[in-house]
> 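Have a look at this one before I ask anything.
A note on names: the letters A, B, ... follow the listed sequences, proteins ahead of strands, and every chain is numbered from 1.
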There are 2 protein chains.
Amino acid sequence: MFDNQKESNLPVINSEMSEAEINRMMENACEASNFLKAISHEGRLMILCHLATGEKSVTELEQLLSARQAAVSQQLARLRSEGLVEPRRDGKTIYYSLTDRRAVQILDVVYELFCKKG
Amino acid sequence: MFDNQKESNLPVINSEMSEAEINRMMENACEASNFLKAISHEGRLMILCHLATGEKSVTELEQLLSARQAAVSQQLARLRSEGLVEPRRDGKTIYYSLTDRRAVQILDVVYELFCKKG
DNA sequence: TCTACATATTCAAAGAAGCTTATATGTGAA
DNA sequence: TTCACATATAAGCTTCTTTGAATATGTAGA
């Protein structure tokens, strides 16, 4: 096993915590959990990766993911509801871009850990 | 909107990528997606947080999470099957600890983003 | 060996999430 | 206004996930 304390800046959780602190922590965990669920879907993860290189229209994303219109639109709806992306209309087409620096930061780490291995 | 390019080290994904490169990327996305799914469960996320402060027995985790024995054990089984934690037996009790630096790194970022806000 | 304790596993039920098909909305051009 | 295109939403279905209850495994001590 490796030594966590050396690598992590995570706070110590102990029994001296007040109930308020524990509640706040549970809320944070819930929020983080929702965020992670939103990005842990393979299609949505790929969408975020593609958007990280610049805004894309829905049709472009459909092609990049080889997925159907409705499916992509629903995945975008989910990301929108989490505040991770935002739409910009230009005529008939709608372009999506990232709005949340948190998404980019997590993606960076995920990219480090899963794409640069080996 | 903010400028992704300034903040991110993510690679550019363009149409000049070979099929092999795209396949590799899809595999990575799939692997990352599985990893993120494993940690995006509120209970499992809390378990990982608790383990980040040092190994804990199953009973301790049950109390910390106010959850039932079977539920905690199943969550641990999932984390075990993903290779994120490992058990150590000492007499009748079994202690769990983190085994995957990736979990700690993601947790660090998540903690930064969701617990230090405001 | 028998018993008690700690943990794991199995299985069925409940719930959540995702996809497809069909339909609706909004925009530009004729 | 009518049509065509781009996107969004809704409904129904299927599949995955999670949970609780019951049961099994493994260990220590009497």
> Find which nucleotide of DNA chain D each of A/Thr93 and A/Gln74 is nearest to by heavy atoms, and output the residue with the more 5' nucleotide.
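Here A/Thr93 is the residue nearer the 5' end.
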> What is the separation between atom CZ on B/Arg78 and atom P on D/dT19, rounded to the nearest whole Å?
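Atom CZ in B/Arg78 sits about 12 Å away from atom P in D/dT19.
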> For a quick test of reading the model, state the closest non-hydrogen atom pair linking A/Leu45 to B/Ala32 and the distance between them.
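Distance-wise, the nearest heavy atoms are CD2-CB, 4.0 Å.
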> Contact between A/Arg101 and B/Leu113 at the side-chain level, heavy atoms closer than 4.5 Å - yes or no?
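A side-chain contact under 4.5 Å exists here.
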> Below 3.5 Å, does any donor atom in the side chain of B/Gln75 face an acceptor in the base of D/dT17, or the other way round?
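No, no donor-acceptor pair under 3.5 Å.
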> Shared ILVMFWY cluster between B/Leu48 and B/Tyr95, side chains joined below 4.5 angstrom?
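Cluster IDs for B/Leu48 and B/Tyr95 differ.
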> Measure from the side-chain heavy atoms of B/Thr59 and tell me the nearest of C/dT21, D/dT7, C/dA6.
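Closest nucleotide among those given: C/dA6.
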> DNA chain D: A/Lys37 or A/Ser73, which has the more 5' nearest nucleotide?
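The residue mapped nearer the 5' terminus is A/Ser73.
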> In whole Å, what is the span from the CG atom of B/Leu76 to the C1' atom of C/dT9?
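It works out to 13 Å between those atoms.
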> Is the side chain of A/Arg89 donor-acceptor paired with the backbone N or O of A/Gly91 at a distance under 3.5 Å, no angle test?
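Judged by distance alone, yes, a pair lies under 3.5 Å.
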> Do any side-chain atoms of residues 67-85 of chain A form donor-acceptor pairs under 3.5 angstrom with protein atoms, and if so which ones, sequence neighbours left out?
from: A/Arg80; atom 1: NE; to: A/Tyr96; atom 2: OH; distance (Å): 3.1
from: A/Ser81; atom 1: OG; to: A/Arg78; atom 2: O; distance (Å): 2.9

> Whole-Å distance between C/dA24 P and A/Ile94 CD1?
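Those two atoms, CD1 and P, are 19 Å apart.
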> Looking at A/His50, A/Glu55, A/Lys56, which one forms a side-chain hydrogen bond (donor to acceptor under 3.5 Å, both in side chains) with A/Thr53?
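So the option named by the test is A/Lys56.
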> Write down the distance between CD (A/Glu86) and P (D/dA8), rounded to a whole number of angstrom.
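Spelled out: CD on A/Glu86 to P on D/dA8 is 13 Å.
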> Once you build an axis from the first five pairs and another from the last five of the helix from C/dT1-D/dA30 to C/dA30-D/dT1, how far apart in angle are they, to 10 degrees?
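Here the local axes at opposite ends form an angle of 10°.
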> Please give me the minimum heavy-atom distance between B/Arg102 and A/Phe114, naming the atom from each residue.
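That would be NH1-CE2, 3.2 Å.
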> For the pair made of CD1 in A/Ile39 and P in C/dG18, what is the distance, rounded to whole Å?
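Computing the A/Ile39:CD1 to C/dG18:P distance gives 13 Å.
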> Just the rounded figure in Å: distance from C1' of D/dC5 to CD of A/Glu60.
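Rounding to the nearest Å, CD of A/Glu60 and C1' of D/dC5 are 16 Å apart.
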> Side chain to side chain contact (heavy atoms under 4.5 Å, CB included) between B/Arg44 and B/Ile39: does it pass, once the steps are laid out?
CA-CA 6 Å; B/Arg44 292 192 295 264; B/Ile39 70 171; over 6 Å; no
> Rounded to whole angstrom units, what separation is found between the NE2 atom of B/His41 and the P atom of C/dA16?
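In whole Å, C/dA16 P lies 12 Å from B/His41 NE2.
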> Is the backbone of B/Ser33 close enough, under 3.5 Å, to the side chain of A/Ser40 for a donor and an acceptor to pair up by distance?
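Side chain of A/Ser40 to backbone of B/Ser33: no pair is present.
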> Give one of base, sugar-phosphate or nothing for A/Tyr96, where a contact means two heavy atoms less than 4.0 Å apart.
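A/Tyr96: backbone/sugar contact only, no base atoms under 4.0 Å.
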> Going 5' to 3' through nucleotides 22-30 of chain D, assign each nucleotide B (protein heavy atom under 4.0 Å from a base atom), S (under 4.0 Å only from sugar-phosphate atoms) or - (no protein heavy atom that close).
----SBS--
> Using atom CD of B/Glu62 as one end and atom P of C/dC5 as the other, report the distance to the nearest whole Å.
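The distance from CD of B/Glu62 to P of C/dC5 comes to 14 Å, rounded to the nearest Å.
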